[in-house]
Amino acid sequence: MISIARDWLGTPYHHQASLRGIGCDCIGLIRGVWRDLHGPEPEAVPGYSGLWAEVGGQERLIEAARRHLIEADFNAGPLPGDVVLFRYRADVIAKHAAIISDDGRMIHAYEARGVVETALGPWWRRRIAARFRYPETI
């Protein structure tokens with residue numbers, strides 16, 4: 001699964017897209033890896049804003065992850081293969097997603113940079129809202 005995510009490295013950032021090598025956002029990366037692992041996506045993705053600091057509203061990203069992924073123990077710390085969801089601040093909804101690639105690293109689609117593999121440093125760790133794993137089978 002990590003090698004599938006690495007195949008997306010260099011894909012340009014494009015809000016609400018999910019096409020390897022063409023364009024995707026952070027959610028599009030998670031969706032694309034799902035398709036490579038399991039085939040068609042389990043539900044249509046509703047439109048969403050690109051605002052990271054969106055206040056109020058439903059935790060749609062976390063709710064969707066709970067419907068289709070396996071929730072991991074939040075206190076155990078992120079492990080390779082985990083899908084990690086982030087909040088920009090404590091008072092906003094979770095709006096960013098990444099896949100943990102190796103100890104201390106993550107793959108995510110970053111606005112203006114595309115899909116990259118970067119360090120999961122203290123800034124990111126403080127913003128983790130939830131952790132999930134892809135199911136082995138569906």
Side-chain angles (χ1 to χ4, degrees):
M1 187 263 308
I2 294 168
S3 66
I4 292 169
R6 283 190 172 128
D7 286 344
W8 286 72
L9 292 172
T11 297
Y13 181 88
H14 187 82
H15 179 62
Q16 296 187 354
S18 183
L19 295 169
R20 180 179 33 234
I22 305 297
C24 75
D25 61 9
C26 64
I27 297 166
L29 171 64
I30 305 305
R31 292 170 49 215
V33 171
W34 174 281
R35 289 191 306 270
D36 285 346
L37 290 171
H38 299 299
E41 295 174 54
E43 68 180 74
V45 178
Y48 51 90
S49 81
L51 300 175
W52 241 73
E54 190 172 332
V55 177
Q58 287 183 273
E59 289 280 5
R60 293 178 195 262
L61 184 56
I62 291 175
E63 291 168 4
R66 284 185 176 138
R67 284 193 298 275
H68 305 292
L69 303 175
I70 300 165
E71 196 156 8
D73 178 9
F74 182 81
N75 297 314
L79 300 171
D82 281 356
V83 174
V84 181
L85 308 182
F86 300 92
R87 298 179 197 287
Y88 181 66
R89 296 188 319 253
D91 63 334
V92 300
I93 61 176
K95 291 288 294 245
H96 190 63
I99 297 171
I100 303 302
S101 56
D102 291 313
D103 187 35
R105 299 192 60 77
M106 64 181 183
I107 299 169
H108 62 134
Y110 205 49
E111 193 170 359
R113 292 184 60 203
V115 179
V116 295
E117 187 167 6
T118 60
L120 178 67
W123 189 92
W124 287 106
R125 287 181 184 273
R126 285 191 306 270
R127 287 160 175 80
I128 295 174
R131 290 181 41 241
F132 297 89
R133 298 194 69 78
Y134 286 100
E136 290 186 27
T137 60
I138 54 168

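Source: prediction; values computed, not measured. Count residues from 1 along the sequence.
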Exercise. In terms of ring plane angle, is the pair Trp34 and Tyr134 parallel, tilted or perpendicular, where the classes change at 30° and 60°?
Worked result: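 Geometry flag for Tyr134 against Trp34: tilted rings.
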
Problem set entry | Tyr110 and His96 aromatic ring geometry - parallel, tilted or perpendicular at 30°/60° bounds |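 Rings of His96 and Tyr110: perpendicular, as their planes differ by over 60°.
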
Flag yes if [X] and [Y] sit in one hydrophobic cluster, no otherwise; membership is Ile, Leu, Val, Met, Phe, Trp, Tyr, and two members link when side-chain heavy atoms are under 4.5 Å apart.
{"X": "Tyr13", "Y": "Ile27", "answer": "no"}
{"X": "Ile30", "Y": "Ile70", "answer": "no"}
{"X": "Phe74", "Y": "Val92", "answer": "yes"}
{"X": "Leu29", "Y": "Leu9", "answer": "yes"}

For this session: Give a yes or no on whether Arg6 atom CZ has more than 12 heavy-atom contacts from other residues, nucleotides or ligands under 6.0 Å away.
Result: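 Above 12, so yes.
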
Problem set entry | Rounded distance [0.5 Å steps], CZ in Arg87 versus CG in Leu61 |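 Taking CZ in Arg87 and CG in Leu61, the distance rounds to 10.0 Å.
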
Exercise. Which distance, rounded to the nearest 0.5 Å, do you find between the OG of Ser101 and the CE of Met1?
Worked result: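 Ser101 OG to Met1 CE: 9.5 Å, rounded to 0.5 Å.
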
Exercise. Do we see a donor-acceptor contact under 3.5 Å between the side chains of Asp25 and Tyr48?
Worked result: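 There is such a pair between these side chains.
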
Problem set entry | Residue pair Arg113 / Thr118, side-chain donor-acceptor N/O under 3.5 Å |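 Arg113 vs Thr118: no donor-acceptor pair found between side chains.
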
Could you report the tightest heavy-atom contact between [X] and [Y], atom names first, then the distance?
{"X": "Glu59", "Y": "Ala94", "answer": "OE1-N, 3.0 Å"}
{"X": "Cys26", "Y": "Ala109", "answer": "N-CB, 3.4 Å"}
{"X": "Pro12", "Y": "Gly21", "answer": "CD-O, 3.8 Å"}
{"X": "Gly81", "Y": "Arg133", "answer": "C-NH1, 3.8 Å"}
{"X": "Gly28", "Y": "Ser18", "answer": "O-OG, 2.7 Å"}
{"X": "Trp124", "Y": "Ala119", "answer": "CD1-O, 3.8 Å"}

For this session: For the pair Arg31 and Glu43, find out whether any cationic side-chain nitrogen is under 4.0 Å from an anionic carboxylate oxygen.
Result: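 Salt bridge absent between Arg31 and Glu43.
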
Do [X] and [Y] make a side-chain contact, defined as non-hydrogen atoms from C-beta onward lying under 4.5 Å apart?
{"X": "Gln58", "Y": "Ile93", "answer": "no"}
{"X": "Leu85", "Y": "Ile62", "answer": "yes"}
{"X": "Leu37", "Y": "Glu136", "answer": "no"}
{"X": "Met106", "Y": "Pro78", "answer": "no"}
{"X": "Val116", "Y": "Ile107", "answer": "no"}
{"X": "Leu120", "Y": "Arg125", "answer": "yes"}

Exercise. Mind checking what makes salt bridge (charged side-chain N to carboxylate O under 4.0 Å, His left out) contact with Arg66, not counting sequence neighbours?
Worked result: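 Per chain and number, Arg66 pairs via salt bridge (charged side-chain N to carboxylate O under 4.0 Å, His left out) with Glu71.
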
Exercise. Quick one: is the NZ or CZ of Arg127 closer than 6.0 Å to the six-membered ring centre of Trp123, and within 45° of its axis?
Worked result: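 Checked: cation-pi criterion met.
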
For this session: Spell out, as yes or no, whether a donor-acceptor pair under 3.5 Å connects the side chain of Asp102 to the backbone of Arg105.
Result: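 Judged by distance alone, no pair lies under 3.5 Å.
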
Exercise. Is there a donor-acceptor pair closer than 3.5 Å between any side-chain N or O of Asp36 and the backbone N or O of Val33?
Worked result: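 No.
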
For this session: Please go through Leu19's hydrophobic cluster and name the other residues, only I, L, V, M, F, W, Y counting, with side-chain heavy atoms under 4.5 Å joining them.
Result: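 Ile22, listed by chain and number.
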
For this session: Could you give me the CA-CA distance, side-chain angles and deciding distance for Val84 and Ile100, then say whether side-chain contact (heavy atoms from CB on, under 4.5 Å) is met?
Result: CA-CA 7 Å; Val84 181; Ile100 303 302; 3.5 Å; yes

Exercise. Is the Trp8 to His108 ring centre distance short of 6.0 Å?
Worked result: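 When the ring centroids of Trp8 and His108 are compared, they turn out to be at least 6.0 Å apart.
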
